[in-house]
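Everything on this sheet refers to the single structure shown next.
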Amino acid sequence: MAVLDGASDRPDGQQKTPLEAAATPNLDALVRRGILGSMYTVGKGIAPESDAGVFSLLGYDPLQIHLSRGVVESIGAGVDFHERNLALRAGFATVEGDKLVDRRAGRNLSTEEARQLATAVNSEVRLKNRTRFQFQATVGHRAVVVFRADGHKFSSEISNFDPAYLRAGKISIAQPGAKEYDIPKCDPLDDSPEAVESAALVNEFGFKTRQALDSHPVNLERRKHGKKPANFVLMRDAGTTKPSVQGFREKWGLKAAMIADLPAELGIGRLLGMDVREIPPGTSLEDYRKRAELVLRLAGEYDFVYVHLKGPDEPGHDGLYDLKRQRIEEIDAGFFSHLRQAAKLQKTVLCVTCDHSTPWKDKGHSGDPVPVLVAGGSTKPDGSTRFTETNASAGHFDKMERGSMLLLRLKQISA
């Protein structure tokens with residue numbers, strides 16, 4: 001299963017989507033060997049985060065299981081997490097006055113810059129009641145934070161300290177992008193003392209990070225070069241316990257490997273007991289070639305191999321149509337060119353899909369359906385020629401209301 005993160009878009013009849021505009025001769029060749037369909041990765045009308053989308057594609061229903069991205073990313077980042085701690089996904093952002101003007105600090109914060117800023121947060125931020133925490137930068141602007149229980153009683157029933165994602169039941173739903181937001185505030189979602197304390201703690205931490213970061217040498221240097229300062233920390237998807245889920249092999253009877261580079265996917269793979277192969281982030285042809293070579297190597301050792309290809313999602317978030325199209329073309333030239341030529345995959349069921357749509361005009365995740373390609377096994381070509389949203393809607397493969405149904409269908413096809 002090759003997952004093109006956020007590659008899907010929304011056809012409008014006026015301009016081709018990036019998938020439609022991209023030159024993808026290698027993926028097209030695979031499409032001609034298979035069958036196309038479309039699906040809602042989590043559910044109709046739901047604009048999921050990546051973690052919920054991936055969890056669903058692996059056959060688990062995120063609407064029924066509280067995945068808790070904060071806990072999962074902590075696991076993926078190797079941060080020590082214990083039951084009753086409070087973990088949140090975090091990210092460096094830019095604020096000016098009383099406005100949040102960039103949720104990702106210009107999307108050009110280097111991992112090394114982020115690590116220096118994280119060191120300052122850990123050494124300079126002091127919280128009431130002596131609450132201990134570990135704040136760790138991961139990749140680019142991304143980070144995680146874990147507050148230690150140490151006698152405190154925390155609750156995950158708090159709102160997101162991030163206006164782009166709204167807590168809704170067991171998941172967070174992406175909201176339409178905006179040029180700027182009011183600085184966020186975390187609120188308790190119930191009246192329990194634990195939720196009240198947890199929300200107050202997140203607010204305190206968020207505003208104290210601004211004091212530690214605003215005049216940091218990294219940000220002074222960024223301003224000097226016309227870059228946005230990473231002077232604030234957003235947080236979302238709180239969790240206090242590890243999700244209780246059946247292991248992947250126990251649930252599906254498949255020895256499985258995951259290839260990924262970001263904490264959300266890495267954490268899900270480790271949580272499910274998959275053999276996780278972490279590979280450095282990158283979107284060059286060489287980066288995609290390395291992923292393809294690893295897929296082909298693992299395909300002979302495992303019953304199921306999942307590979308996550310991050311490239312198209314970020315330009316979708318940034319509203320960069322041409323760059324999103326370019327990233328799709330790079331995946332085709334660097335990744336699918338190798339899979340297309342691989343003899344060992346001729347007898348393997350290959351699935352290509354997306355974890356969610358990221359329409360470039362919306363600059364965020366949406367609830368639109370995503371294309372699904374299945375080739376091999378008992379499938380017979382349905383005459384499809386290209387991996388696009390419109391072609392997928394006309395394909396002969398199932399129209400799925402939930403992505404959590406996909407893996408079962410793949411097992412049936414491969415039987």
Side-chain angles (χ1 to χ4, degrees), residues 49 51-52 55 62 65-93 117-138 141-172 183-213 232-245 263-264 266-268 270-271:
E49 290 191 87
D51 62 321
F55 199 50
I65 301 169
H66 184 204
L67 183 58
S68 175
R69 186 165 185 172
V71 175
V72 166
E73 291 218 18
S74 298
I75 295 170
V79 175
D80 194 25
F81 174 84
H82 297 283
E83 298 294 308
R84 295 186 298 280
N85 286 170
L86 178 65
L88 298 99
R89 156 71 192 267
F92 290 99
L117 295 173
T119 297
V121 170
N122 285 312
S123 62
E124 296 178 23
V125 172
R126 294 290 180 268
L127 299 173
K128 295 176 182 177
N129 301 322
R130 298 184 178 180
T131 303
R132 295 188 306 120
F133 65 88
Q134 181 178 351
F135 179 75
Q136 182 163 312
T138 56
H141 65 277
R142 304 168 186 85
V144 295
V145 60
V146 176
F147 298 98
R148 304 300 178 192
D150 293 344
H152 302 286
K153 292 184 178 180
F154 296 133
S155 170
S156 61
E157 292 302 307
I158 57 176
S159 67
N160 287 338
F161 192 74
D162 183 339
Y165 293 92
L166 178 68
R167 281 287 300 271
K170 299 183 185 299
I171 64 172
S172 286
I183 290 181
K185 179 177 181 292
C186 183
D187 293 309
L189 298 179
D190 62 34
D191 295 330
S192 69
E194 293 83 2
V196 172
E197 178 180 354
S198 299
L201 178 67
V202 168
N203 286 321
E204 180 190 2
F205 180 80
F207 288 102
K208 284 185 174 178
T209 61
R210 184 176 186 179
Q211 299 170 16
L213 296 175
F232 199 67
V233 172
L234 300 176
M235 292 164 280
R236 67 181 193 262
D237 301 317
T240 56
T241 61
K242 291 182 181 179
S244 178
V245 294
L266 296 170
I268 289 173
R270 288 169 181 150
L271 178 71

Could I get the full list of side-chain contact (heavy atoms from CB on, under 4.5 Å) partners for Lys170, not counting sequence neighbours?
-> His66
Mind checking the OG-OH spacing from Ser172 to Tyr165? Nearest 0.5 Å is all I need.
-> 9.0 Å
Please report the shortest heavy-atom distance between Thr240 and Ser156, naming the atom on each side.
-> CG2-N, 3.8 Å
Partner set under salt bridge (Lys or Arg N to Asp or Glu O under 4.0 Å) for Arg89, not counting sequence neighbours | Glu73
Quick one: list whatever passes side-chain hydrogen bond (donor to acceptor under 3.5 Å, both in side chains) with Asn203, sequence neighbours left out.
-> none
Nearest 0.5 Å please: distance from the CD atom of Glu197 over to the NZ atom of Lys128.
-> 11.5 Å
Side chains of Ile183 and Phe207: closer than 4.5 Å at any heavy-atom pair?
-> yes
On a heavy-atom basis, the closest approach of Phe161 and Pro184 is CE1-O, 3.3 Å
How would you list, by chain and number, every residue that makes a salt bridge (Lys or Arg N to Asp or Glu O under 4.0 Å) with Lys242, sequence neighbours excluded?
-> none
Determine whether Leu266 and Ile75 make a side-chain contact, defined as any pair of heavy atoms from C-beta on separated by less than 4.5 Å.
-> no
Can you check whether Asp237 reaches Val71 side chain to side chain, under 4.5 Å on heavy atoms?
-> no
Asn85 (side chain) donor-acceptor with Val146 (main chain) under 3.5 angstrom | no
Trace of the side-chain contact (heavy atoms from CB on, under 4.5 Å) decision for Leu234 with Phe92 = CA-CA 6 Å; Leu234 300 176; Phe92 290 99; over 6 Å; no
For Asp162, the salt bridge (Lys or Arg N to Asp or Glu O under 4.0 Å) test, sequence neighbours excluded, returns Arg103, Arg236
For the atom pair CG (Asn160) and CG (Leu189), what is the distance rounded to the nearest 0.5 Å?
-> 8.5 Å
Those residues that, when tested against Asp187, pass side-chain hydrogen bond (donor to acceptor under 3.5 Å, both in side chains) (two or more places apart) | Lys185
Side-chain donor/acceptor of Gln136 to backbone N/O of Val79, under 3.5 Å | no
Close side-chain approach of Arg84 to Thr241, heavy-atom, < 4.5 Å = no
Indicate yes or no: at least one non-hydrogen side-chain atom of Val144 is less than 4.5 angstrom from one of Gln134.
-> no
Please assess Phe55 against Val245 for the test side-chain contact (heavy atoms from CB on, under 4.5 Å), listing each intermediate value before the final yes or no.
-> CA-CA 11 Å; Phe55 199 50; Val245 294; 3.8 Å; yes
Looking only at non-hydrogen atoms, find the nearest pair between Leu67 and Ala52 and report the distance.
-> CD2-N, 4.5 Å
Value rounded to 0.5 Å, distance of OG1 in Thr209 from CZ in Phe232 = 5.5 Å
Atom pair CD1 (Ile171) and CG (Asp51), whose distance is rounded to the nearest 0.5 Å = 9.0 Å
Should we count CG of Asp190 as having more than 12 external heavy atoms under 6.0 Å?
-> yes
Looking only at heavy atoms, the pair that brings Ala143 and Ala137 closest together is CB-CA, 3.9 Å
Output all residues satisfying ring pair (Phe, Tyr, Trp, His ring centres under 6.0 Å) with Phe147, sequence neighbours left out; order by chain, then residue number.
-> Phe205
List for me each residue that meets salt bridge (Lys or Arg N to Asp or Glu O under 4.0 Å) alongside Arg132, sequence neighbours excluded, and say none if there are none.
-> Asp150
Heavy-atom check, side chain of Phe133 versus side chain of Asn122, under 4.5 Å | yes
Checking Arg167 side chain against Ile158 main chain: does a donor-acceptor pair fall under 3.5 Å?
-> yes
Excluding sequence neighbours, so at least two apart, what forms side-chain contact (heavy atoms from CB on, under 4.5 Å) with Glu194?
-> Lys153, Ser155, Ser192
List the atom of Ser68, the atom of Gly239, and the distance in Å for their closest heavy-atom pair.
-> OG-CA, 3.0 Å
Check side-chain contact (heavy atoms from CB on, under 4.5 Å) between Thr138 and all other residues, then give those that pass, not counting sequence neighbours.
-> Ala77, Arg142, Pro263
Kindly give the heavy-atom pair with the smallest separation between Ser74 and Ala87, and that separation in Å.
-> OG-CB, 3.6 Å
Just by modelled atom types, is the Leu127 backbone N or O under 3.5 Å from a matching donor or acceptor in the Thr131 side chain?
-> no
What is the distance from atom CG of Leu201 to atom CZ of Phe154, rounded to the nearest 0.5 Å?
-> 5.5 Å
Which residues share a side-chain contact (heavy atoms from CB on, under 4.5 Å) with Asp80, sequence neighbours left out | His82, Arg148
With Glu157, which residues qualify under side-chain hydrogen bond (donor to acceptor under 3.5 Å, both in side chains), at least two apart?
-> none
